[in-house]
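Numbering of residues begins at 1 and proceeds along the displayed sequence.
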Amino acid sequence: PMQILAFVDGVVKVGETDLKPRMGFLYPILTHNISLFINATREHDSGQYMCTVNVADDDTIRSNNNVGIINLTVLVPPVTPTCQLHGSTVVGANVTLSCSSKKGKPSPMYQWQREPPTLQVFFPPAQDRARGTLKLTNLSLEMSGVYVCRAENQAGSKNCSIVLEV
C-alpha cells in the first residue's frame, strides 16, 4: 500500500503520486468527514483504497474498527470501433461483419443493425454481441445496404458502419 493523503498533527500531507494534483479532502478536516475527491479520473486510478483513522486516546485502534476499504473501478467508454467485412459479397454467399473497439472498461457489447430505408435489428445466433460479429447467409441483392455497429458499455457508446454491396 502507498499513502496518498494524510492528516497528521494538524497538517495535510499529500503523497508524491500522479494523484497529487488531482486529489484532496472533500471537507475541512474539523468536520470529521474525511471523504476525499479524485478529479480527472484515469483508468489506472482503479484499485483498492483504504482509510485508516487513528485518534489519540481512542481504544478502538486495537479492534480494527478504524479501517475502511473501498474498491474503485474507473469506467472507460469504448473508442470508435473498427468495422470489417469478411467473405465474398456475391449472391448466395455467406459473409461475416465484424466490429471491435480497442478500449473500453468494462469490455463493450456490440449491436449490429441495418439502416433505413430497410431498418433491421439482428439477434443471436446471427449476431454475437460479445464478439461483435454478424453472420449474413445466402446473400441476396436485397441485403445490400448500410450496416452500423454500436460498441457500448456503462460509460458510453461509439459507432462504425460498413456498406454491403451484393
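Taking both residues in full, the closest heavy atoms of Gly145 and Arg114 are given as CA-NE, 4.4 Å, listed atom of the first, atom of the second, then distance. Taking each heavy atom of Ala155 and Pro77 in turn, the nearest pair found is CB-N, 3.5 Å. For Ala151 against Tyr110, the heavy-atom pair with the smallest separation is CB-CE2, 3.6 Å. Here the closest heavy-atom approach between residue Phe37 and residue Phe25 is recorded as CE2-O, 3.6 Å.
Separating the CE atom in Met2 from the CG atom in Leu19 is a distance of 8.5 Å, to the nearest 0.5 Å. In this structure, CG in Leu97 is found 8.0 Å from NE2 in His86, a value given to the nearest 0.5 Å. One finds the CG atom of Asn39 at 10.0 Å from the CE atom of Met23 (value rounded to the nearest 0.5 Å). Note that OG1 of Thr118 is 9.5 Å distant from CD of Glu142, once rounded to the nearest 0.5 Å. Expressed to the nearest 0.5 Å, how far CG of Leu26 lies from CD1 of Ile38 amounts to 11.5 Å. Once rounded to the nearest 0.5 Å, the distance linking CG of Leu134 with OG1 of Thr96 reads 8.0 Å.
Remark: side-chain polar atoms of Arg129 are not paired, donor with acceptor, to backbone N or O of Met109 under 3.5 angstrom. A distance-only check finds a donor-acceptor pair linking the side chain of Ser101 to the backbone of Val79 [under 3.5 Å]. Counting only distance, with no hydrogens or angles, the side chain of Ser46 and the backbone of Val74 share a donor-acceptor pair below 3.5 Å. A donor-acceptor distance shorter than 3.5 angstrom exists from the side chain of Gln127 to the backbone of Trp112, with no hydrogens or angles considered. Counting only distance, with no hydrogens or angles, the side chain of Asn153 and the backbone of Ser107 share no donor-acceptor pair below 3.5 Å.
By the neighbour-count criterion of 12 heavy atoms within 6.0 Å, atom CZ of Arg22 is densely surrounded, having more than that number from other residues, nucleotides or ligands. When the shell of 6.0 Å around NZ of Lys105 is examined, it contains more than 12 heavy atoms from other residues, nucleotides or ligands. Counting non-hydrogen atoms of other residues, nucleotides and ligands closer than 6.0 Å to CG of Leu119 gives a total above 12.
Across the pair Cys149 and Cys83, the gap between the SG atoms, which is the quantity tested here, reaches or exceeds 2.5 Å.
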Is there a side-chain contact (heavy atoms from CB on, under 4.5 Å) between Ile34 and Cys51? Walk through the geometry before answering. CA-CA 9 Å; Ile34 55 171; Cys51 172; 3.3 Å; yes
Under the criterion side-chain contact (heavy atoms from CB on, under 4.5 Å), I'd like the reasoning laid out for Val90 against Leu139: C-alpha separation, chi angles, the key distance, then a yes or no. CA-CA 7 Å; Val90 296; Leu139 290 179; over 6 Å; no
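The side-chain heavy atoms of Lys135 and Asn94, taken from C-beta on, include no pair separated by under 4.5 Å.
Using bins of under 30°, 30° to 60° and over 60° for the plane-to-plane angle, the ring pair Phe122/Tyr147 lands in the parallel bin.
At a threshold of 4.5 Å between side-chain heavy atoms, the hydrophobic network of Ile, Leu, Val, Met, Phe, Trp and Tyr places Val91 and Leu85 in one connected group. Cluster annotation: Leu36 is connected to Val53 through the hydrophobic network of ILVMFWY side chains, with a link wherever side-chain heavy atoms come within less than 4.5 Å.
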Scan the side chains in residues 159-166 for donor-acceptor partners under 3.5 Å anywhere in the protein, sequence neighbours excluded, and list what turns up.
none

